[in-house]
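Contents: one structure, followed by commentary.
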Amino acid sequence: MPKQKAVALLIETSNAYARGLLGGIASYIHEHDLWSIYLVEQERGAAPPSWLNDWDGDGLIARIENEEIATSVRNLKIPVVDVSAARRIPNIPWVETNDVAIGELAYQHFRERGFENFAFCGESRFNWSILRRQAFEARVKEDGFQCQSFNFNVDDRRPQSLKRERDRLAEWVLSLQHPIGVLACYDIMAQKILDVCRLHGIKVPSELALLGVDNDELLCDLCTPPLSSVVPAAHQTGREAASLLDAMMRGEEVHAEPHLIEPLGVATRQSTDVLAIKDPEIAAAVRFIRDHCCDGINVQDVVKKVPLSRRVFESRFLALMGRTPHQEITRRRIERVRYLLIETDLTLVQISRRTGFQNHEYMSVAFRRAMGHPPATYRRKFRKI
């Protein structure tokens, strides 16, 4: 019987994204060779454990988010996979959620709801926050709008600094023009913005719609109102990191290139459950599509709900939403298919019936065209195990 590989996991357990990484690693281990795992409980950016400098195991998966951790890892003579966006050691393989895609997806989420004012709140000490901000701002600018950004630079070790930064955050939030869609770099930041809104009487989501990242379900549900959040594929990211490390420990060459994992979508809750579309007919059409997209409706069914000719309706819809009514119906159906593939054990036939497609073959063609994978492959790749 081959000797078990000893693998250390330098990944914090203090946030939902990192726990998702660990879940993906565990899933890979259960399916493949059983590793002996060394895991120490720690917070994001904490100093490396003292035992790391003398670690004589076979491999390491680490969130290398500061120079102290990077220095310890550089001294190791074993295969290492980085699961941080910081890129402190550029010559080792790294696996990370696609932060550019997260920023773009967040912008799309707000535009679907008709917003024309946008803002971003981030933490400049984290590279993933910078990447999300840049992508969000680029999409806003591309469509001719403006984005107001704020960087939360607080040092939690200095109480006075914490209060000063919270006061700055409140000042910024109060300066925003309503209605506005605000992307927070992660859910904890969104919670801070919600606190400001509550203290100053800003209505969420009618005046300020707020979107976080990480989909920390407990935190999102504890927020008032419940927080919408971009869902990163943390589980798949962890599985990919484990797969790369496994290959390296077997002696295979793995290049130091980015392995970026696409986000799964947006978990919509009350904090963005609003339409900021000024055109009442188009707003009514979007609501109808949202509520009935999986009922087998077509464009003519939508036209019946608005006092417009089909030509005028489609022209105004395209101008405001950036896509045709047919594309919007299909897009929402595909999003529902994605959810059911990942979160349920329903068959493709059952999913096609629940999402308004004529049959599962037609659904499969539409899904592959939109997502780049057939449904069965997508399910195997992204679902939680």
Next item on the list: Kindly indicate whether the side chain of D216, heavy atoms from C-beta on, has any atom under 4.5 Å from the side chain of S229.
Entry: no

Next item on the list: Could you tell me whether the side chain of D221 and the main chain of L218 form a donor-acceptor pair under 3.5 Å?
Entry: no

Checklist line | Candidate pair D195 and R166, rule salt bridge (Lys or Arg N to Asp or Glu O under 4.0 Å), full reasoning | finding: CA-CA 10 Å; D195 288 342; R166 284 176 175 170; over 6 Å; no

Check: Any donor-acceptor pair under 3.5 Å linking the side chain of N117 with the backbone of P179?
Finding: yes

Check: Between L39 and L245, is there a shared hydrophobic cluster once you connect ILVMFWY residues whose side-chain heavy atoms come closer than 4.5 Å?
Finding: yes

Notebook entry, point to check: Can L318 be reached from V312 by stepping across I, L, V, M, F, W or Y side chains whose heavy atoms are under 4.5 Å apart?
Noted result: no

Item checked: Heavy-atom pair with the smallest gap, counting every atom of T272 and H109 -> OG1-NE2, 2.9 Å

Check: Is the closest side-chain donor-acceptor distance between S84 and E96 under 3.5 Å?
Finding: no

Margin query: Can you give me the closest heavy-atom contact between P93 and V80, atom names plus distance?
Written below: CD-O, 3.6 Å

Next item on the list: Classify the ring geometry between F288 and H292 as parallel (under 30°), tilted (30 to 60°) or perpendicular (over 60°).
Entry: tilted

Check: Is a side-chain N or O of R239 found less than 3.5 angstrom from the main chain of I25, in a donor-acceptor match?
Finding: no

Next item on the list: Give a yes or no on whether a salt bridge exists between R168 and E171, defined as a side-chain N under 4.0 angstrom from a carboxylate O.
Entry: no

Next item on the list: Would you name the heavy atoms of P48 and S72 that are closest together and state the gap between them?
Entry: CG-OG, 3.5 Å

Next item on the list: State plainly whether one hydrophobic cluster holds both M249 and V83, where clusters connect Ile, Leu, Val, Met, Phe, Trp and Tyr through side-chain heavy atoms under 4.5 angstrom apart.
Entry: yes

Margin query: Does H178, at its NE2 atom, have more than 12 non-hydrogen atoms belonging to other residues, nucleotides or ligands within less than 6.0 Å?
Written below: yes

Check: Are any non-hydrogen side-chain atoms of L76 and L60 less than 4.5 angstrom apart?
Finding: yes

Check: Is the centre of the F118 ring less than 6.0 Å from the centre of the F145 ring?
Finding: yes

Next item on the list: Side-chain contact test, heavy atoms from C-beta onward, threshold under 4.5 Å: evaluate it for T324 versus E314 and give yes or no.
Entry: no

Next item on the list: Show your reasoning for whether salt bridge (Lys or Arg N to Asp or Glu O under 4.0 Å) applies to D291 and R287.
Entry: CA-CA 6 Å; D291 295 341; R287 289 191 187 95; over 6 Å; no

Next item on the list: Decide, yes or no, whether a salt bridge links E104 with R139 under the criterion of side-chain N to carboxylate O below 4.0 Å.
Entry: no

Margin query: Any side-chain to backbone donor/acceptor pair from Q236 onto A233? Under 3.5 Å, distance only.
Written below: no

Notebook entry, point to check: With no hydrogens and no angle check, do the side chains of R336 and T355 hold a donor and an acceptor under 3.5 Å apart?
Noted result: no

Next item on the list: Consider only side-chain N and O atoms of N91 and R74, and report whether a donor and an acceptor are under 3.5 Å apart.
Entry: no

Item checked: S352 versus N359, side-chain donor and acceptor atoms under 3.5 Å -> no

Notebook entry, point to check: Angle class for the F150/W172 ring planes (parallel below 30°, perpendicular above 60°, tilted otherwise)?
Noted result: parallel

Item checked: Plane angle bin for F136 and F120 - parallel if under 30°, tilted between 30 and 60°, otherwise perpendicular -> tilted

Checklist line | No-hydrogen, no-angle side-chain donor-acceptor test under 3.5 Å, E112 and Q108 | finding: yes

Note to self: Which heavy atom of R379 sits nearest to which heavy atom of L341, and what is that distance?
What the structure shows: NE-O, 2.9 Å

Check: Are the charged groups of E335 and R332 less than 4.0 angstrom apart, N to O?
Finding: no

Check: I193 and A184: which non-hydrogen atoms are nearest, and at how many Å?
Finding: CD1-CB, 4.2 Å

Item checked: Non-hydrogen side-chain atoms of I351 and V349 separated by less than 4.5 Å -> no

Check: For residues Y186 and E123, is any side-chain donor paired with an opposing acceptor at under 3.5 Å?
Finding: yes

Check: Under a 4.0 Å N-O cut-off, is there an ion pair linking D56 with K77?
Finding: no

Margin query: Do Q191 and T224 make a side-chain contact, defined as non-hydrogen atoms from C-beta onward lying under 4.5 Å apart?
Written below: no

Margin query: For a quick check under 3.5 Å, do Y107 and D143 share a side-chain donor-acceptor pair by atom type?
Written below: yes

Check: Between P325 and F313, what is the shortest heavy-atom contact and its length?
Finding: CG-CE2, 3.5 Å

Check: Taking R269 for the side chain and P226 for the main chain, is one N or O donor matched with an acceptor at less than 3.5 Å?
Finding: no

Notebook entry, point to check: Can you find a pair of side-chain heavy atoms, one from Q134 and one from D99, that are under 4.5 Å apart?
Noted result: no

Next item on the list: Would you sort out whether D273 and R290 count as a side-chain contact (heavy atoms from CB on, under 4.5 Å), showing the intermediate values?
Entry: CA-CA 11 Å; D273 190 12; R290 180 190 64 190; 3.4 Å; yes

Margin query: Taking the side chain as everything from C-beta on, heavy atoms only, tell me whether F357 gets closer than 4.5 Å to V337.
Written below: yes

Next item on the list: Can you label the angle between the Y28 ring and the W35 ring as parallel, tilted or perpendicular, going by 30° and 60°?
Entry: tilted

Next item on the list: May I ask you to decide whether K163 forms a salt bridge with D167, counting only side-chain N to carboxylate O separations under 4.0 Å?
Entry: yes

Next item on the list: Find out whether S149 and E137 are in side-chain contact, i.e. whether some heavy atom of one side chain is under 4.5 Å from a heavy atom of the other.
Entry: yes

